[in-house]
Amino acid sequence: MKRKISLRINGKPYTDEVEPRLLLIHYLREVAGLTGPHIGCETSICGACTVMLQGRAVKSCTMFAVQADGREIVTIEGLAANGALDPVQQAFWNEHGLQCGFCTPGMIMATKQLLQDNPSPTDLEIRHGLEGNLCRCTGYQHIVNAVKAAAGKAGA
Amino acid sequence: MQAFEYANPSTLQEAVALLAPQRGQTDVLAGGTDLISLMKDYIHTPKRLVNIKNIQELEGIRASAGGLRIGALVTMDELARNAEVRASYKALADAAAGIPSPQIRHMGTVGGDLCQRPRCWYFRGGFGLLATDNGKPLVPDGENHYHAIFGGGPAYFVSASSLGPALVAMGARVKLVSAKGSREVAVKSFFVAPKDENTREIVLRPDEILSEILVPAPAVHSATYEVRQKEALDWPLAAASVALTMKGSVVAGAKVVMGHVAPIPWEAAAAEKALAGKTITAASAEAAGKAAVEDAQPLSRNAYKVQLASVAVKRALLEAVKGKA
């Protein structure tokens, strides 16, 4: 039986009827039309589906949409304001913190979380902060550079 | 995933009334980090899911002179960051912080950590807790790299709980609530090594909810050390939690409990005995580590875990006294 859920995504209210078994990532992509969060492994390993739930980074493939009822979600689409990229997005652009780009939405959301908790992370702290996000292209170095740049520590 | 009915109670009393006494009918949903993957794989196919995340009374960490009360819904992130836990219950904070990825720590709850199912790939592949095929045990001659080195079967999975060893070392209890009332169980007795396929690995009944964890006033010297293949998203290969009561610089009482080596958090009585009356030095810690694995019974492909468990005990002991006179 479908359940009614009401939540806010990127500041906007959404109300929908969903099956309880619908995963949040499928809700975001197929019902709300937000295809920024990606489906990589769907087993909570790769982190491509990372979004903010109540201000904390979570994997939206291992959560039901009904669990987000009454909650606040931010996806990658919610970061750029008035056409200007978020500083983390800009840093990934400048430092070329991506190759194919598939993991990037999740990497950027995990980076937002990391810098929120720790504004000046060391290299090791950056790598630990991103341990829930896999990238198969970059070898991570450019991603770490991008996070450092975003933290205002480029070249440190 | 099989469809299910979703219940969203706001009190514990309502929640327990929604649970069925028979196994397999209903499941309790908190963070869902384990349950949802079990449901995706059709290992759990509940008819009804009872979401407990909106139950206020299951939240919060409360520290008092008598000890610590941790609500079942406290996340691993909250536990790892809590100043009181970090200062006085370090073995718990270490174990929570060790759970890989901020995303999992934000969702995963302490109650879920204790109630999660084993990671044994035979179990996850549908061969049951005892991992048998037509009555034949699959683990002893199978892919047993990550299986138990203690216990001797018939269950060979390892307890997946990160907090279990630390809570056993600290003598903690859990409160289990059903529609009929509540009971308190020592964490030590909460975990069970099943002898048959009808027994679960924890004593929680299908119609009960684990509501809180009660940790007695702390042994100031405690730590958890996990050995991993890599410093990223993975389960520990072996772990140890220790809690020491000191008389000056000498160990008056030690609790040493290993994780990921048996179907339950495994108490190392020989290590505890070896430490009595000793100061913790590299040599005494190493000797305790060796004593801890004296009775290990590794399987065909996991003898390497004996050494890792021994080292985990040694390093946890050294960590517990680090920076303390």
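Numbers restart at 1 for each chain; the letters A, B, ... are given by sequence-line order, proteins then strands. The shown structure was predicted, so the numbers you read here are calculated from the model rather than taken from an experiment.
Side-chain atoms of A:Leu23 and B:Lys40, non-hydrogen and from C-beta on, do get closer than 4.5 Å to each other. The closest side-chain heavy-atom distance from A:Ser44 to B:Thr33 is not below 4.5 Å. Side-chain contact check for B:Asn51 versus A:Phe64: every heavy-atom pair is 4.5 Å or farther apart.
Between B:Ser101 and A:Gly132, the shortest heavy-atom distance links the atoms CB-CA, 3.4 Å. Minimum heavy-atom separation, B:Pro102 to A:Gly129: CG-O, 3.4 Å. Scanning all heavy atoms of the two residues, the minimum distance from B:Ala3 to A:Glu19 falls at CB-OE1, 4.1 Å. In plain terms, the two heavy atoms of A:Glu131 and B:Ile99 that are nearest each other are OE2-O, 4.3 Å.
Atom CG of A:Leu22 sits about 10.0 Å away from atom CE of B:Met1, to the nearest 0.5 Å. The distance from atom CG of A:Leu130 to atom CG of B:Leu233, rounded to the nearest 0.5 Å, is 12.5 Å. Atom CD of A:Gln113 sits about 8.0 Å away from atom CD of B:Gln103, to the nearest 0.5 Å. The structure places CG of A:Asp69 at 14.0 Å from NZ of B:Lys53, a figure rounded to the nearest 0.5 Å. Rounded to the nearest 0.5 angstrom, B:Leu35 CG and A:Thr62 OG1 are separated by 11.0 Å. Atom CG of residue B:Asn8 and atom CD of residue A:Gln67 lie 9.5 Å apart, to the nearest 0.5 angstrom.
B:Met107 pairs in a side chain to side chain contact (heavy atoms under 4.5 Å, CB included) with only one of the listed residues (A:Arg56, A:Lys59, A:Met63), which is A:Met63.
Within 6.0 Å of NZ in B:Lys230 there are more than 12 heavy atoms belonging to other residues, nucleotides or ligands. The neighbour count for B:Gln13 CD, taken as heavy atoms of other residues, nucleotides or ligands under 6.0 Å away, does not exceed 12. Within a 6.0 Å sphere centred on CZ of B:Arg62, other residues, nucleotides and ligands contribute 12 heavy atoms or fewer. Counting heavy-atom neighbours within 6.0 Å of B:Gln56 CD, excluding the residue itself, gives a total of 12 or less.
With a 4.5 angstrom heavy-atom cutoff, A:Glu42 touches chain B via backbone and side-chain atoms both. For A:Arg3, the part sitting under 4.5 Å from any heavy atom of chain B is the side chain, from C-beta outward, and nothing else. Neither the backbone nor the side chain of B:Asp34 comes within less than 4.5 Å of any heavy atom in chain A. Using a 4.5 Å cut-off between heavy atoms, A:Leu53 touches chain B through its side chain atoms alone. With a 4.5 Å cut-off on non-hydrogen atoms, B:Ala30 touches chain A through its backbone but not through its side chain.
Residue with the most contacts toward chain A among B:Met39, B:Arg81, B:Arg105, B:Glu5: B:Arg81 (heavy-atom pairs, distance under 4.5 Å).
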